[in-house]
Amino acid sequence: MERVVGLWLNMSKPEAQTFSLQIRPWFEARGWTVLTEWKDIIERRAQFLISLGGDGTLLQAAREGASFGIPVLGVNFGKLGFLCEIEREDVFGALEKVLSGDYIIQERLMLSAVVKRDGLDDLMHLVLNDVVFSRESTDSVITLQANLSGEPTISYPADGLIVATPTGSTAYSLSAGGPIVSPNVQAILLTPLAAHSLSARPVVVSDLEELEIILVSGQQCMVTFDGRNSVRICSGETVFIKTATVKAQLIRLGSRSFPQVVREKLRDRWHE
């Protein structure tokens, strides 16, 4: 069986590009083929991907790899790096472990989101972090109604709403006051943005729920999927969100526990 590894680079980070030139000969000396084109990575069935960048780069790689069952090892060239497993100075020691099979694959819950317009479904969006609803400047406030499995549940008069996975709980949702949720918990988070009501609180629901998020007040709002693709919805339109049928696969070396990652990345809030 051909041994193939794919590289997923953040092209805006010169240090990541430079580092990729060091990784290639390291793998080739051990009989591995290194690919960077996504089409080739799929066709030649890469055993895993290495993401060189920050958490955003890893999100992209994990999203694309999920549909093909390709696990991802994240190398942090960013700032915070909640998701990336290793720092750049530890890469080659970590890769030796991976090639010897000394690792586990952690599956992360993903969401599928579909905008329904005039009774028709738009393109399905696969999300690892979050779906973000945000008002536009034409509206001072919008109201988003969340229905759980078809039943009206909570109304959010706010600047917007974040629907996040446990993975996304340490991203935008955290900044908006949402809880940190362990990736081992199978749940979906709803976190309002600048809520205009004291009763509009973050809610954590089962991953078995199917959510309908309806714009019930306000002319329109933007809906953004994992911080990349955006669509505009108008009053009365609905976004359907549920657990995806595929999961992201992250390579873990067992060197850092979730509590340790939280302590390291939020050290400014940690008191020894």
Side-chain angles (χ1 to χ4, degrees), residues 4-27 32-42 46-99 103 105-108 110 125-130 132 164-175 183 224-230 246-253 255-256 258 260-262 264-267:
V4 178
V5 61
L7 295 185
W8 191 284
L9 278 68
N10 184 331
M11 300 305 291
S12 69
K13 295 184 180 297
E15 62 270 32
Q17 298 182 53
T18 300
F19 203 81
S20 71
L21 300 178
Q22 301 174 31
I23 286 180
R24 184 181 293 274
W26 187 92
F27 270 103
W32 283 70
T33 300
V34 180
L35 301 175
T36 56
E37 294 295 327
W38 184 239
K39 180 181 177 182
D40 296 335
I41 290 170
I42 297 171
Q47 276 79 58
F48 65 100
L49 287 173
I50 300 175
S51 165
L52 302 178
D55 280 353
T57 308
L58 178 57
L59 280 174
Q60 295 172 3
R63 248 191 334 260
E64 298 298 327
S67 298
F68 298 94
I70 304 176
V72 183
L73 176 68
V75 181
N76 185 32
F77 282 86
K79 294 180 180 178
L80 199 56
F82 253 106
L83 299 179
C84 294
E85 178 70 3
I86 53 177
E87 302 297 328
R88 68 197 78 179
E89 60 270 17
D90 303 321
V91 170
F92 293 108
L95 290 177
E96 290 284 7
K97 285 188 174 183
V98 173
L99 296 194
Y103 66 91
I105 293 179
Q106 182 183 66
E107 293 188 331
R108 294 288 185 100
M110 301 183 75
H125 299 267
L126 195 60
V127 173
L128 178 53
N129 249 6
D130 50 37
V132 178
T165 66
T167 298
S169 73
T170 54
Y172 193 9
S173 177
L174 179 62
S175 300
T224 305
F225 308 92
D226 267 356
R228 49 183 191 121
N229 299 329
S230 296
V246 297
K247 291 189 175 183
Q249 299 184 36
L250 304 184
I251 293 176
R252 295 306 193 202
L253 302 176
S255 56
R256 298 188 306 170
F258 180 71
Q260 182 181 351
V261 171
V262 172
E264 289 177 356
K265 301 306 179 181
L266 300 180
R267 62 171 61 93

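Every heavy atom of this structure was used, including side-chain atoms; hydrogens, water molecules and symmetry mates were not.
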Closest non-hydrogen atom pair between [X] and [Y], with its separation:
X: Leu174; Y: Ser169; value: CB-O, 3.2 Å
X: Leu83; Y: Arg108; value: CD2-NH1, 3.7 Å
X: Pro183; Y: Pro166; value: CA-CB, 4.0 Å
X: Tyr103; Y: Ile251; value: CD1-CG2, 3.9 Å
X: Asp55; Y: Cys84; value: OD1-N, 3.4 Å
X: Ser20; Y: Leu9; value: OG-CD2, 3.5 Å

Say you draw a straight line from [atom1] of [X] to [atom2] of [Y]; how long is it, rounded to the nearest 0.5 Å?
X: Asn76; Y: Glu85; atom1: CG; atom2: CD; value: 11.0 Å
X: Leu52; Y: Leu73; atom1: CG; atom2: CG; value: 9.0 Å
X: Lys247; Y: Thr165; atom1: NZ; atom2: OG1; value: 11.5 Å
X: Glu107; Y: Gln249; atom1: CD; atom2: CD; value: 5.5 Å
X: Met11; Y: Thr36; atom1: CE; atom2: OG1; value: 8.5 Å
X: Arg63; Y: Leu58; atom1: CZ; atom2: CG; value: 10.0 Å

> Should the pair Phe92 and Trp26 be assigned to parallel (<30°), tilted (30 to 60°) or perpendicular (>60°) ring geometry?
Replying inline: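 Plane angle between 30° and 60°, so tilted.
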
> Is the Phe225 ring parallel, tilted or perpendicular to the His125 ring (thresholds 30°, 60°)?
Replying inline: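 Parallel: the ring planes of Phe225 and His125 meet at under 30°.
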
>> Determine whether Trp38 and Leu49 satisfy the following criterion, side chain to side chain contact (heavy atoms under 4.5 Å, CB included), listing intermediate values before the conclusion.
In response: CA-CA 10 Å; Trp38 184 239; Leu49 287 173; 3.8 Å; yes

>> Are more than 12 heavy atoms, taken from residues, nucleotides or ligands other than Glu37, located less than 6.0 Å from that residue's CD atom?
In response: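 For Glu37, atom CD is not crowded (no more than 12 foreign heavy atoms under 6.0 Å).
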
Do [X] and [Y] have side chains that get closer than 4.5 Å, going by heavy atoms?
X: Phe77; Y: Asn10; value: no
X: Ile50; Y: Leu95; value: yes
X: Glu15; Y: Arg88; value: yes

> side chain to side chain contact (heavy atoms under 4.5 Å, CB included) between Trp8 and Val72: does it pass, once the steps are laid out?
Replying inline: CA-CA 9 Å; Trp8 191 284; Val72 183; over 6 Å; no

> Could you walk me through whether Asp226 and Met110 pass the side chain to side chain contact (heavy atoms under 4.5 Å, CB included) check?
Replying inline: CA-CA 11 Å; Asp226 267 356; Met110 301 183 75; 5.9 Å; no

>> Walk me through whether Phe68 and Ile41 qualify under side chain to side chain contact (heavy atoms under 4.5 Å, CB included).
In response: CA-CA 10 Å; Phe68 298 94; Ile41 290 170; over 6 Å; no

